[in-house]
Amino acid sequence: MAEIVNLRRVRKARARAEAEQEAARKRSIHGLSRTDRQRLQADRREAERHLDGHRLEPNNEE
């Protein structure tokens with residue numbers, strides 16, 4: 001005999017699984033851990049300081 005299936009539950013379970021897959025995909029693209037964000041921010045600050053240190057000021061003597 002066939003198993004009785006509640007179609008509403010099956011549809012909701014499928015929608016939840018698809019939503020979780022989409023969320024996981026977006027997390028992999030956009031999500032960074034706190035330590036990763038802090039490291040990237042520190043790297044940007046260091047690079048900015050490095051560039052500022054090598055910047056030449058325009059010579060306004062005419």
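- For Arg44, there are no salt bridge (Lys or Arg N to Asp or Glu O under 4.0 Å) partners two or more places apart in sequence or in a different chain.
- Taking the charged nitrogens against the carboxylate oxygens, Glu20 and Arg27 do have a contact shorter than 4.0 Å, which makes a salt bridge.
- Rounding to the nearest 0.5 angstrom, the gap separating the CZ atom in Arg14 from the CG atom in Leu7 is 9.5 Å.
- When the side-chain hydrogen bond (donor to acceptor under 3.5 Å, both in side chains) test is applied to Arg11, no partner is found at least two apart in sequence or on another chain.
- One finds no salt bridge joining Asp52 and Arg49 here, because no Lys/Arg side-chain nitrogen approaches an Asp/Glu carboxylate oxygen to under 4.0 Å.
- Distance CZ/Arg39 to OG/Ser33: 8.0 Å, rounded to 0.5 Å.
- By the salt bridge (Lys or Arg N to Asp or Glu O under 4.0 Å) test, Arg25 is found to be paired with Glu22, residues two or more places apart in sequence or in another chain being considered.
- Here CD of Gln38 is found 5.5 Å from CZ of Arg34. Values are rounded to the nearest 0.5 Å.
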